[in-house]
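Okay, structure first, notes after.
In each ligand, atom 1 is the first atom listed, and ligand 1 is the first ligand listed. Scope of the values below: all heavy atoms of this structure, side chains included, with no hydrogens, waters or symmetry mates.
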Amino acid sequence: MSALLQVRGLSRHYGQRVGCEDVSFDLHPGELLCIVGESGSGKSTLLNTVAAQLAPSSGSVRYRQRSGGWLELSALSEADRRRLAREEWGFVTQNPRDGLRLNVSAGANVAERLMALGMRNYSQLRHIARGWLERVEIDPARIDDAPTSFSGGMQQRLQIARTLVTQPRLVFMDEPTAGLDVSVQARILDLLRRLVNELGLAAVMVTHDLAVARLLAARTIVMQGGRVVETGLTDQILDDPQHPYTQLLVSSVLTT
Ligand SMILES: Nc1ncnc2c1ncn2[C@@H]1O[C@H](COP(=O)(O)OP(=O)(O)OP(=O)(O)O)[C@@H](O)[C@H]1O
């Protein structure tokens with residue numbers, strides 16, 4: 001099967017400082033790829049550069065369109081990049097407050113992404129929004145409540161509904177469960193695992209936690225100091241880590 005995303009020799013520097021350096025990978029339709037590494041290893045820089053939110057210093061990111069043709073993301077105009085983000089991609093941020101509109105209702109948070117794609121029928125929008133609230137385990141009776149009245153875990157589940165309602169072809173997630181209580185994290189990971197399977201999502205997810213990768217991702221990239229030190233099937237990386245840094249990460253997962 002042809003890749004959906006092709007990343008080649010991608011680097012992003014901040015002046016003299018390396019954000020990420022010479023990263024290459026392919027992402028296929030229906031595949032969830034995790035980028036793992038400790039704080040400062042370059043995960044978010046890589047994610048944001050791949051998602052065309054940061055300009056690369058060198059290298060390329062190509063995205064395969066529905067028509068089959070390839071788009072070089074760094075060559076896109078700002079308007080085209082915004083169109084892709086609106087119509088074909090989804091983003092889940094670590095802090096749901098960055099991904100939600102806090103001053104409009106939960107239902108509107110979900111429905112307005114469909115409205116941005118041209119859907120106008122109010123009762124249909126409300127019906128779909130209710131369906132998505134249920135899907136992410138939020139009581140649909142809360143449809144008119146503002147997200148500010150939700151717990152952190154509920155806000156994150158709402159952000160997931162808002163992101164997935166448009167059935168994006170590609171989803172970028174940056175530490176979607178970090179900063180939440182362990183039991184809340186487990187519930188969201190469970191939800192994500194179910195949705196990934198049901199929807200056949202193609203996604204790139206950043207996490208500092210190999211246990212999250214083990215749960216969700218068939219393939220994992222391990223980063224250290226901006227570089228990829230190991231990449232492969234997640235199970236293989238966990239069972240037989242090759243790089244000393246990965247061995248350290250794996251042993252810390254096994255001892256927790
Ligand atoms: N805006 C910036 N300006 C300068 N340096 C930056 C900037 N953003 C990131 N860096 C540097 O780039 C390197 C990679 O940082 P990045 O945030 O991508 O890592 P990370 O693995 O996502 O870390 P974390 O898990 O803490 O978010 C670090 O050395 C960081 O200090």
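- Of all atoms in ligand 1, numbered sequentially from 1 with element shown, those under 4.0 Å from a heavy atom of E38 are 21 (O).
- For the pair E198 and R194, the salt-bridge criterion is met [side-chain N within less than 4.0 Å of a carboxylate O].
- Taking 4.0 Å as the cut-off, M223 does not count as a neighbour of ligand 1 on heavy-atom distance.
- Pairs passing the ring-ring contact (aromatic ring centres under 6.0 Å, His included) check and including a residue from residues 34-62, sequence neighbours excluded, do not occur.
- For the atom pair T166 OG1 and R113 CZ, the distance stands at 4.0 Å (nearest 0.5 Å).
- Note: no N/O pair closer than 3.5 Å links G19 and ligand 1 by distance alone.
- Cluster membership for F91 and L199, using ILVMFWY side-chain heavy atoms within less than 4.5 angstrom, is not shared.
- The protein heavy atom nearest to atom 16 (P) of ligand 1 is T45 OG1, 3.6 Å.
- Taking atom 17 (O) of ligand 1 as the reference point, the nearest protein heavy-atom neighbour is S44 CB, 4.2 Å.
- Salt bridge R214/D209: absent, no basic N to carboxylate O contact under 4.0 Å.
- The nearest heavy-atom contact from the protein to atom 19 (O) of ligand 1 is G42 N, 3.1 Å.
- Using a 4.0 Å cut-off between charged nitrogen and carboxylate oxygen, D190 and R193 count as a salt-bridge pair.
- The protein heavy-atom contact nearest to atom 9 (C) of ligand 1 is Y14 CE1, 3.4 Å.
- Stacking of R12 on the aromatic ring of Y14 is recorded, both the 6.0 Å distance cut-off and the 45° axial limit being met.
- Here the shortest heavy-atom distance to atom 25 (O) of ligand 1, taken over E175, K43, H208, belongs to K43.
- For atom 13 (C) of ligand 1, the closest heavy atom belonging to the protein is V18 O, 3.6 Å.
- Counting only heavy atoms of the protein, atom 23 (O) of ligand 1 lies nearest to G40 N, 2.8 Å.
- Looking from atom 26 (O) of ligand 1 to the surrounding protein, the closest heavy atom is S39 OG, 2.5 Å.
- Between R62 and E72, no side-chain nitrogen of the basic residue sits less than 4.0 Å from a carboxylate oxygen of the acidic one, so the salt-bridge criterion is not met.
- Atom 31 (O) of ligand 1 has its closest protein heavy atom at R17 NH1, 3.6 Å.
- Every atom of ligand 1 is numbered from 1 in the order shown, and the set under 4.0 Å from a heavy atom of S41 is 19 (O), 20 (P), 21 (O).
- Applying the ring-ring contact (aromatic ring centres under 6.0 Å, His included) rule to pairs touching residues 54-76 yields Y63-W89, sequence neighbours excluded.
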